[in-house]
Enquirer: 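The structure under discussion is supplied below as structure tokens; questions concerning it will follow.
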2 protein chains.
Amino acid sequence: MTIRESGEMYLETIYILSQKSSSVRGIDVGEYMGFSKPSVSRALGLLKKDGLVVTDGQGFIKLTETGEERAQRIYERHQLLSLLFTNLGVDAETAAEDACRIEHYLSDKTFDAIKRHFEQYGHRG
Amino acid sequence: MTIRESGEMYLETIYILSQKSSSVRGIDVGEYMGFSKPSVSRALGLLKKDGLVVTDGQGFIKLTETGEERAQRIYERHQLLSLLFTNLGVDAETAAEDACRIEHYLSDKTFDAIKRHFEQYGHRG
DNA sequence: CATTATAGTTAGCATAAGCTAACTTGTCAA
DNA sequence: TTGACAAGTTAGCTTATGCTAACTATAATG
């Protein structure tokens, strides 16, 4: 099974929380996303089964190498889309919200094109 | 119930097919989208219940005013996103594919910002 | 008129992903 | 040691949305 939008959101959340604290638990993920413990529990189970996260003996969640790559990929899309939108004059909050929904659906090609655009012409973001 | 990505795709398809032919049937929608007859049947039922489409005695599908507005809104997003991406150097096919997935998640604010951008600076699309 | 093809519907299955209720487990303090 | 709280899991519900199989209804054809 390949993960989808939902799985990517969990992955991204773990990635973001891992940058603030080295001890991320399911409860933290649920709080951040506004989801219940059972929802998080199942989602983490699927991510584990897919080899994207692992938990240590204390229940702390870590991304595997693949999981980290995948999370980073999504996070980069998020950042780039936010940048693109704010550069077009969208307020930061709206840009972030849109980016959050869209990040899952942006192809590599289009992502690269946007990236090249900023590298070429610079930006104010 | 408010329609979602799936419902929007049906609506947009009906809109597109209606521009080519004035007699759009469920079977046409299914063929265009690659979905089965029962899937289309149910989806149309929901769209009818939401007052977005109607069928005449012969089973031909028409968008209501609200349905047309909604379809147009999505279609505009599709066109604008395609334009944005091709302007960034993405090939037309990829741009269209990305636009098709993303069109459902673009806020009014960001849509307007992109539109203003093209009005201001022109484009080659 | 009977057969066949086309279109649509109904019934029911599957998966994804949210939820609540209730259980388990582990830690910590009285 | 016991009682309580916190974290996680299990069971089972719900909705959305795809599917197939099988039925119905209509229209066209021999």
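In what follows, every chain begins at residue 1, and chains take the letters A, B, ... in the order their sequences are listed. Only a predicted model underlies this, so the values are computations on that prediction, with no experimental measurement involved.
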Enquirer: Partners of B/Arg101 by side-chain contact (heavy atoms from CB on, under 4.5 Å), sequence neighbours excluded?
Expert: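 Counting only residues at least two positions away or on another chain, B/Arg101 forms a side-chain contact (heavy atoms from CB on, under 4.5 Å) with A/Tyr105, A/Ser107, B/Glu97, B/Asp98.
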Enquirer: Dump every N/O contact between nucleotides 21-27 of chain C and the protein below 3.5 Å, one line per pair.
Expert:
none

Enquirer: Which whole-number value in Å describes the distance from B/Phe60 CZ to D/dA27 C1'?
Expert: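 Whole-Å distance recorded here is 12 Å.
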Enquirer: Please output the side-chain donor-acceptor pairs of residues 52-61 of chain A that fall under 3.5 Å, not counting sequence neighbours, one pair per line with the distance.
Expert:
from: A/Thr55; atom 1: OG1; to: A/Lys48; atom 2: NZ; distance (Å): 3.3
from: A/Asp56; atom 1: OD1; to: A/Gln58; atom 2: N; distance (Å): 2.9
from: A/Asp56; atom 1: OD1; to: A/Gly59; atom 2: N; distance (Å): 3.1
from: A/Asp56; atom 1: OD1; to: A/Phe60; atom 2: N; distance (Å): 2.9

Enquirer: Could you list all the salt bridge (Lys or Arg N to Asp or Glu O under 4.0 Å) pairs where at least one residue sits in residues 80-93 of chain A, not counting sequence neighbours?
Expert: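 Applying salt bridge (Lys or Arg N to Asp or Glu O under 4.0 Å) to every pair that reaches into residues 80-93 of chain A, excluding sequence neighbours, yields A/Asp91-B/Lys109.
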Enquirer: About how many Å separate CZ of B/Arg77 and CG of B/Leu84, when rounded to the nearest 0.5 Å?
Expert: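 With rounding to 0.5 Å, CG (B/Leu84) is 13.5 Å from CZ (B/Arg77).
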Enquirer: Expressed as a whole number of angstroms, how long is the span from B/Leu44:CG to D/dA16:P?
Expert: 16 Å
Enquirer: For B/Ser23, enumerate each residue passing the side-chain hydrogen bond (donor to acceptor under 3.5 Å, both in side chains) test, keeping only those at least two apart in sequence or located in another chain.
Expert: B/Ser21
Enquirer: Which is true for A/Gly34 with a 4.0 Å heavy-atom rule: it touches a base, it touches only sugar-phosphate, or it touches nothing?
Expert: sugar-phosphate
Enquirer: Take B/Arg42 and A/Ser36, find for each the nucleotide of DNA chain C with the closest heavy atom, and name the residue whose nucleotide sits nearer the 5' end.
Expert: B/Arg42
Enquirer: Pairs in or reaching into residues 16-41 of chain B: which pass salt bridge (Lys or Arg N to Asp or Glu O under 4.0 Å), with residues at least two apart or in two chains?
Expert: B/Arg25-B/Asp28
Enquirer: Can you check the B/Glu31 CD to C/dG8 P distance for me, whole Å?
Expert: 11 Å
Enquirer: Write down the distance between CG (A/Asp56) and P (D/dA7), rounded to a whole number of angstrom.
Expert: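 To the nearest whole Å, that distance equals 15 Å.
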Enquirer: Measure the distance from CG on B/Asp50 to C1' on D/dT17 and round it to the nearest whole Å.
Expert: 15 Å
Enquirer: Among D/dG18, C/dC19, C/dA16, which is the nearest nucleotide to the side chain of A/Arg4?
Expert: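 Within the option list, the nearest is C/dA16.
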Enquirer: Sequence neighbours left out, what passes ring-ring contact (aromatic ring centres under 6.0 Å, His included) with A/Tyr15? Give chain and number order.
Expert: A/Tyr75
Enquirer: Output all residues satisfying side-chain hydrogen bond (donor to acceptor under 3.5 Å, both in side chains) with A/Glu8, sequence neighbours left out; order by chain, then residue number.
Expert: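 Checked A/Glu8 against side-chain hydrogen bond (donor to acceptor under 3.5 Å, both in side chains); matches are A/Arg70, A/His104.
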Enquirer: Shared ILVMFWY cluster between B/Ile102 and B/Leu80, side chains joined below 4.5 angstrom?
Expert: yes
Enquirer: Nearest whole Å is fine: how far is D/dA16 C1' from B/Phe35 CZ?
Expert: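 My rounded result for the distance is 12 Å.
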Enquirer: DNA chain D: B/Val40 or A/Gln58, which has the more 5' nearest nucleotide?
Expert: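 First, find each residue's nearest nucleotide; the 5'-ward one identifies A/Gln58.
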Enquirer: What nucleic acid atoms does B/Gly59 come within less than 4.0 Å of, heavy atoms only: base, sugar-phosphate, or nothing?
Expert: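 Sugar-phosphate, backbone atoms only, no base.
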Enquirer: Looking at D/dT9, C/dT9, D/dC19, which one has an atom nearest to any side-chain atom of B/Ser39?
Expert: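 Among the listed nucleotides, the one closest to the side chain of B/Ser39 is D/dC19.
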Enquirer: Specify the residues of residues 7-29 of chain B, ordered by number, for which at least one heavy atom lies under 4.0 angstrom from an atom of DNA chain C.
Expert: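 Residues of residues 7-29 of chain B that come under 4.0 Å of DNA chain C are, in numerical order, B/Arg25, B/Gly26, B/Ile27.
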Enquirer: State whether B/Ser6 places a side-chain N or O below 4.0 Å from either non-bridging phosphate oxygen (OP1 or OP2) of D/dG18.
Expert: yes
